[in-house]
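All of these numbers come straight from a predicted model, not from anything done at the bench. Letters A, B, ... are given to chains in the order of the sequence lines, protein chains preceding strands, and every chain is numbered from 1.
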Number of protein chains: 2
Amino acid sequence: MPTHDELDVAKRIVIGLNKIGLALRHHAWQKADKARLTPTQGQILSFLDAHAGECVGTSAVAEALALTRPTASEAIHALVQKGWVKREPSPADRRAACWTLTEAGRRQAEAAKTWADFLLPAVAALDPNEQVIFLRSLMKMIRVLQVQQKIPIAAMCVTCRFFRPCVHDDPQKPHHCAFVDAPLGDRDLQLMCSDHETADEAHAAHVWNILTQRRRRHDDPRVHDGVPDAAAGAAETRRD
Amino acid sequence: MPTHDELDVAKRIVIGLNKIGLALRHHAWQKADKARLTPTQGQILSFLDAHAGECVGTSAVAEALALTRPTASEAIHALVQKGWVKREPSPADRRAACWTLTEAGRRQAEAAKTWADFLLPAVAALDPNEQVIFLRSLMKMIRVLQVQQKIPIAAMCVTCRFFRPCVHDDPQKPHHCAFVDAPLGDRDLQLMCSDHETADEAHAAHVWNILTQRRRRHDDPRVHDGVPDAAAGAAETRRD
DNA sequence: CCAACTTAATTAGCACTCCTAATAAAAGTC
DNA sequence: GACTTTTATTAGGAGTGCTAATTAAGTTGG
């Protein structure tokens, strides 16, 4: 009889993910000292860089990185002190800030973006077949975490390059996210997606077109026998 | 055909692992407040509990959690203040400490042990076959990180001198543990084995070779579930 | 139109994280 | 007995992360 602990596979996976998390944290701090840029600060720079052009306030940063607003506020001010971020007034709201990168900040952000690439050699130890399965598994997990609100939500699907509007027949979940590979409903769009990556303008315009067209149809709901109205609308507005 | 393939699989895996890391950190701090136990402190309690009976000093803790000794020292003293850890003298060395849990500390450790279990529902989203592959992939990655000194040593089968990979014909239990003298399957591979003893380099390299080559010889056909043949073919061609 | 929300951001206060550098003390070396 | 290594700590500093309270600017409703 083996005397090894009888932990099931799932628990051992959790332990393993923890190890990876440990590596991430450790590495983040290691580099922190070199670049005078702590983990949180680096992530804020990356986030601001990814959302350049949008008006990103303290709250948006806090939400994206799963921090409280005070914590985000302090970290941002540290970056301001270092001359990498500056405050622009929001056109709409005199209370709100629009944090933007300075020229030096953009350079820092470029460097910070690759901070996790030290994991790439480890990933390369998997053969291509394993990588695909591993990625698919990660996506499944991330989706569950998102649904359970364990992962912060970062940006709107509508501006995301992974977003595919109106491709399913299910009226509850007509859209599709190509990153987590799962259907999305309209109410999911209100939330922001933690896997968001800004789409190019063409894609964004395309998405917007489809959404606005369909919404018009939606205003005039038709119910067929056993056929949901949105399905008909989606089918008609779908485009290749 | 997906249009979102601009990033290769490896980079998306890194992004995904980052997300999991974010969830881990966030969740750790959430619970921290409830239990008046910060992430590092919780991990120290777990570690001491797992190594009860051994003489664990400050350095050992620091190494296991990838902290500097001063950081570990401070965290331990916070736990002493709370009455969960006490110092015992080392029999051999009057400088060294043997940190041990108090009765209350053992109770706290028991609770702290499950802190990452919030990930279990996410893991459960994977089917059993995926779980096994995911676990094996994690171990491969962790081993690379260990070799690169990016992560403290983990007590994994893959680095253990008692581990004999692929010595049985039973595809369910191809490996063998020479310590408990019992066959092991992929699902039995350990990440935190209490009987682990680090193998010498020759043995480690040998194990690694066999594990990475094995897939072509007799792999479980279910592994290829849902994955294009091209991927398996690529795996096929990658050995000398 | 002003009192009563609500929201954006900050301040204050606290405990802890994480680092480097310097120190103290014991143990091993020569 | 001085020299070096190892174990643990202290000192000092920037940063993380939280809650609670505050300031200021919008929004809403009687």
- Give a yes/no on whether any side-chain N or O of B/Thr58 is located under 4.0 angstrom from OP1 or OP2 of D/dT9. yes
- Between B/Trp99 and B/His51, is the ring centre distance below 6.0 Å? no
- A/Arg87 has a side chain; which of C/dC18, C/dA9, C/dC16 sits nearest to it? C/dA9
- Message: What's the closest nucleotide to the side chain of A/Pro70 if the choices are C/dT11, C/dT17, D/dG26?
- Response: C/dT11
- Item | Residues A/Arg106, A/Glu103: salt bridge by 4.0 Å N-O rule | yes
- Query: Touch check for B/Ala78, heavy atoms < 4.0 angstrom, all strands: base, sugar-phosphate only, or nothing?
  - Reply: nothing
- Does any N or O donor sit under 3.5 Å from an N or O acceptor when you compare the side chain of A/Arg95 with the base of D/dA25? yes
- May I have the distance from B/Leu37 (atom CG) to C/dA15 (atom P), rounded to whole angstrom? 16 Å
- For the pair made of CD in A/Gln41 and C1' in C/dT17, what is the distance, rounded to whole Å? 14 Å
- What is the distance, rounded to the nearest whole Å, between atom CH2 of A/Trp29 and atom P of C/dT17? 11 Å
- How many angstroms lie between atom CZ of B/Phe134 and atom CZ of A/Arg12, to the nearest 0.5 angstrom? 14.5 Å
- Message: If I take atom CG in residue A/Leu67 and atom P in nucleotide D/dT19, what distance separates them, rounded to the nearest angstrom?
- Response: 12 Å
- Query: Which part of the nucleic acid does B/Ala97 contact within heavy-atom distance under 4.0 Å: base, sugar-phosphate only, or nothing?
  - Reply: sugar-phosphate
- Message: Is there a side-chain contact between A/Thr38 and the phosphate of C/dC18, meaning an N or O under 4.0 Å from OP1 or OP2?
- Response: no
- Message: Under 4.0 Å, heavy atoms only, any strand: does A/Ser59 hit a base, just the sugar-phosphate, or nothing?
- Response: sugar-phosphate
- Note on the structure: From CG of B/Leu79 across to C1' of C/dA15 the rounded distance in Å is 13 Å
- Query: Just checking B/Glu74: base, sugar-phosphate only, or nothing, at a heavy-atom cut-off of under 4.0 Å?
  - Reply: base
- At what distance, to the nearest 0.5 angstrom, does CD1 of A/Ile15 lie from CD1 of A/Ile20? 13.0 Å
- What is the nucleic acid contact for A/Arg94, judged by heavy atoms within less than 4.0 Å: base, sugar-phosphate only, or nothing? sugar-phosphate
- Task: Report yes if a side-chain nitrogen or oxygen of B/Gln81 is closer than 4.0 Å to either non-bridging phosphate oxygen (OP1 or OP2) of C/dA15; otherwise report no.
- Result: no
- Which residue, A/His77 or B/Ala92, contacts DNA chain C at a nucleotide closer to its 5' end, judged by nearest heavy atom? A/His77
- Item | Charged N-O contact under 4.0 Å between B/Glu63 and B/Arg69 | no
- Query: Closer than 4.0 Å, any side-chain N/O of B/Arg69 to the OP1 or OP2 of D/dT9?
  - Reply: no
- Query: Please give, in whole Å, the distance from D/dA8 C1' to B/Ile76 CD1?
  - Reply: 10 Å
- Task: May I ask you to say whether B/Asp49 pairs ionically with B/Lys113, meaning some side-chain N is under 4.0 Å from a carboxylate O?
- Result: yes
- Rounded to the nearest angstrom, tell me the gap between atom CD1 in A/Ile44 and atom C1' in D/dG17. 12 Å
- Message: Using a heavy-atom cut-off of 4.0 Å across all strands, would you classify B/Thr71 as base, sugar-phosphate, or nothing?
- Response: base
- Query: Does B/Thr68 have a side-chain nitrogen or oxygen under 4.0 Å from the phosphate oxygens OP1 or OP2 of C/dC19?
  - Reply: yes
- Task: Round to the nearest Å and state the distance from B/Trp99 atom CH2 to D/dA8 atom P.
- Result: 8 Å
- Message: Any base atoms under 4.0 Å from A/Thr40, or only sugar-phosphate, or nothing? Heavy atoms, all strands.
- Response: sugar-phosphate
- Closest to the 5' end of DNA chain D, once A/Asp93 and B/Arg25 are matched to their nearest nucleotides, is B/Arg25
